[in-house]
Colleague: 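Please see the structure below; I have some questions.
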Protein chains: 2
Amino acid sequence: MVGAVPYRTIGRLTLYWRTLRDLASEGQTYVYSHHLASQSRVTAAQVRRDLMVLGYSGTPAKGYNVKKLRMHIEAFLFPATEQKAVIAGVGNIGRALLKFFVGRRPMLKIVASLEVNPDKFDRMILGCPCHSIENAKSVIHDEGITVGIIAVPDREAQYVADVFVGAGIRGILNFARTSLNVPSGVYVEDIDLAMSLDRVAFFARQSLKEDQPASPKSKSPDASKERKP
Amino acid sequence: MVGAVPYRTIGRLTLYWRTLRDLASEGQTYVYSHHLASQSRVTAAQVRRDLMVLGYSGTPAKGYNVKKLRMHIEAFLFPATEQKAVIAGVGNIGRALLKFFVGRRPMLKIVASLEVNPDKFDRMILGCPCHSIENAKSVIHDEGITVGIIAVPDREAQYVADVFVGAGIRGILNFARTSLNVPSGVYVEDIDLAMSLDRVAFFARQSLKEDQPASPKSKSPDASKERKP
DNA sequence: CATTACTTGTGAATTTATTCACAATGCGAA
DNA sequence: TTCGCATTGTGAATAAATTCACAAGTAATG
């Protein structure tokens, strides 16, 4: 169960979990790898490979027990005890995220927000107490927060990251378009909206080009590039 | 210049472009691969490998000409003529995205939004005309829109995707937690906020475990897993 | 001009991720 | 019970992405 969990596997387990949740609510008791696969747009082999990390086996010819598999994924993926998060920045993106995340996971809660703007801090925002960034360290310590979300303007992102790291945060979800400098041991996941949109636009153009090709290079409509592999 | 552009390279080129833009505004005329690398948290070799797709070469001992490299990236990555996008759903996330993207790229514009809610459509929202989703096809056709953003509730996402595809859209940025079913040739990029937060929380816990280990397995503080590789 | 100390571009090696392919298994039908 | 069939788990093969490592090149220096 220890050591070197493939990064992408973690993400896909979330997808499988959602399918299992839905299946359970439909009363299904067993599921095959190929069904989980089709719901997540991966191959059945990929699903089975991913599930290896759980140490739970399905039964041949019957598939996986929906309830048990779901519980194993939860045990692996979700915190055993409540894990707390904080969000820095309650501008447009920050508020949207706050609203989106609130009440989503019982074991993973955003318990505070942080702001530089005195108009915003020292009151509740979307059901969440908003503090001055200057009090970040004590808030994070006192609450035992381990996850930080950065939704501040780009130029403030590194400062916030430093505050987060200094206060003991070990995982950062970063919406700023800045490569954060953090010590090894702190995990950073970037969500770069502008980059994503650029990429979609790029591949959309490519797709159009291939439709009316001056010189059709590809021998067959290759589906392998349509998706993030 | 044709064929098989590595998916991740596209994203990184955006990062390099930002660094080049900043360098240009500082008056720098040349830059080394290792500088671009450090600004994007990749290796210098990675940068040079990525830049190979551009067909532009730097000069040894001098590096890359900031202005020229930037222009080559723009020519490769950005649309030559204005490319248009539409966003479906102007709820919390949708409005935040609209506000975020507006006026960001001169060649890539969100020119319309779509809604099912009659309270919202047929008026301007954040400077952008909002139409009924029922008129989507004509709006998309008439405007020549090629990129669609999905920011609607999960259960409506597939419907919107079908509308998009039917209207000729070739690239979709999907914020719904649904695996969209689209024909090959249409590029989909998913931004799954819940998954990302789960993943950050997971690695944050892992990091904490490794700090106070009952059984320290890893021989050395392995930095290779700190980032999405 | 020759030397030094850097760089770049890229073939090859390596690492990481995915898919293949098949033995082993268990269910259900006869 | 026995057979047939569709499934699982996983070693091995493949594919994709990254890094290594070094020849070749350029600028700066004396």
Side-chain angles (χ1 to χ4, degrees), chain A residues 1 3-13 15-16 20 23 28-38 40-66 68-69 72-73 199 203 218 220 222-229, chain B residues 1 3-13 15-16 20 23 28-38 40-66 68-69 72-73 199 203 218 220 222-229:
Chain A
M1 181 93 86
V5 186
Y7 162 76
R8 290 152 196 268
T9 294
I10 302 299
R12 285 190 298 260
L13 287 174
L15 301 181
Y16 306 151
L20 292 166
L23 288 172
Q28 297 289 328
T29 52
Y30 280 87
V31 63
Y32 298 128
S33 59
H34 60 75
H35 184 249
L36 291 173
S38 71
S40 305
R41 285 237 256 161
V42 296
T43 64
Q46 181 76 77
V47 172
R48 297 200 299 273
R49 174 79 49 197
D50 286 335
L51 297 185
M52 284 175 72
V53 304
L54 300 178
Y56 166 73
S57 286
T59 55
K62 217 174 162 189
Y64 302 91
N65 181 297
V66 169
K68 283 186 185 168
L69 180 54
H72 275 266
I73 292 180
R199 192 154 44 193
F203 284 114
S218 57
S220 72
D222 180 3
S224 69
K225 287 200 301 298
E226 307 315 327
R227 272 270 168 173
K228 295 178 287 187
Chain B
M1 181 96 85
V5 185
Y7 161 76
R8 290 153 196 269
T9 295
I10 301 300
R12 284 190 298 261
L13 286 174
L15 301 182
Y16 308 150
L20 292 167
L23 287 172
Q28 297 290 327
T29 52
Y30 280 87
V31 63
Y32 297 130
S33 59
H34 60 75
H35 184 249
L36 291 173
S38 72
S40 305
R41 284 237 257 159
V42 296
T43 64
Q46 180 76 78
V47 172
R48 297 199 299 274
R49 175 76 57 193
D50 286 335
L51 296 185
M52 283 176 73
V53 306
L54 300 178
Y56 165 74
S57 285
T59 55
K62 217 174 162 190
Y64 302 91
N65 180 298
V66 169
K68 282 186 186 168
L69 180 54
H72 275 266
I73 292 181
R199 192 155 43 195
F203 285 115
S218 57
S220 74
D222 180 2
S224 69
K225 286 202 301 296
E226 307 316 328
R227 272 271 168 171
K228 292 178 289 185

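Chain identifiers are assigned alphabetically (A, B, ...) following the order of the sequence lines, protein sequences preceding nucleic acid strands; residue numbering begins at 1 within each chain.
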Colleague: Is there a side-chain contact between T43(A) and the phosphate of dT19(C), meaning an N or O under 4.0 Å from OP1 or OP2?
Modeller: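 Yes, such a contact exists.
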Colleague: Given side chain to side chain contact (heavy atoms under 4.5 Å, CB included), test V53(A) with L13(A) step by step and report yes or no.
Modeller: CA-CA 10 Å; V53(A) 304; L13(A) 287 174; 4.1 Å; yes
Colleague: Enter the distance from K62(B):NZ to T29(B):OG1 here, rounded to the nearest 0.5 Å.
Modeller: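 Between K62(B) NZ and T29(B) OG1, I get 7.5 Å after rounding to 0.5 Å.
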Colleague: Y30(A) has an atom OH; how far is it from atom P of dG26(C), in whole Å?
Modeller: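 Those two atoms, OH and P, are 12 Å apart.
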Colleague: Provide, to the nearest angstrom, the distance between the CG atom belonging to N65(A) and the C1' atom belonging to dG26(C).
Modeller: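 Rounded to whole Å, this separation is 15 Å.
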Colleague: Tell me: NE2 of H35(A) to P of dT8(D), nearest whole Å?
Modeller: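 After rounding, the reported distance stands at 13 Å.
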Colleague: Nearest-Å distance, CD1 (I10(A)) to P (dA17(C))?
Modeller: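 About 11 Å, once rounded to whole Å.
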Colleague: Quick one: sort the Y7(A) and F203(B) rings into parallel, tilted or perpendicular, breaks at 30° and 60°.
Modeller: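 Parallel.
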Colleague: Figure out the CG/C1' separation between L69(A) and dT8(D), and round it to whole Å.
Modeller: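 Taking atom C1' of dT8(D) as the reference, CG of L69(A) is at 13 Å.
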Colleague: Nearest whole Å is fine: how far is dA17(D) P from R41(B) CZ?
Modeller: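 Those two atoms, CZ and P, are 21 Å apart.
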Colleague: Any side-chain N or O of Q46(A) less than 4.0 Å from the OP1 or OP2 oxygen of dA17(C)?
Modeller: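 Looking at the OP1 and OP2 atoms of dA17(C), neither is under 4.0 Å from any side-chain N or O of Q46(A).
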Colleague: What is the distance from atom OH of Y32(B) to atom CZ of R48(B), rounded to the nearest 0.5 Å?
Modeller: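 CZ of R48(B) is found 13.0 Å from OH of Y32(B).
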Colleague: Distance check: side-chain N/O of R12(B) vs OP1/OP2 of dT18(D), anything under 4.0 Å?
Modeller: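 It does, given that an N or O in the side chain of R12(B) lies less than 4.0 Å from OP1 or OP2 of dT18(D).
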Colleague: Separation of D50(A) atom CG from dT8(D) atom P, in whole Å?
Modeller: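 For the pair D50(A) CG and dT8(D) P, the rounded distance is 14 Å.
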Colleague: Below 30° counts as parallel, above 60° as perpendicular, anything between as tilted: where do the rings of Y56(A) and H72(A) land?
Modeller: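 The rings of Y56(A) and H72(A) lie parallel, inter-plane angle below 30°.
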Colleague: Just the table, please: protein N/O against nucleotides 2-11 of chain C N/O, every pair under 3.5 Å.
Modeller:
| unit_1 | atom_1 | unit_2 | atom_2 | d |
| --- | --- | --- | --- | --- |
| dT7(C) | OP1 | H34(B) | NE2 | 2.9 |
| dT8(C) | OP1 | S33(B) | N | 2.9 |
| dT8(C) | OP2 | S33(B) | OG | 2.7 |
| dG9(C) | OP1 | S57(B) | OG | 2.9 |
| dG9(C) | OP1 | G58(B) | N | 2.6 |
| dG9(C) | OP2 | Y64(B) | OH | 2.6 |
| dG9(C) | N7 | R48(B) | NE | 2.8 |
| dG9(C) | O6 | R48(B) | NH2 | 2.9 |
| dG11(C) | N7 | R49(B) | NH2 | 3.4 |
| dG11(C) | O6 | R49(B) | NH2 | 2.6 |

Colleague: Return the set of residues passing side-chain contact (heavy atoms from CB on, under 4.5 Å) with T43(A) (not counting sequence neighbours), or none when no residue passes.
Modeller: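 side-chain contact (heavy atoms from CB on, under 4.5 Å) list for T43(A), sorted by chain: A45(A), Q46(A).
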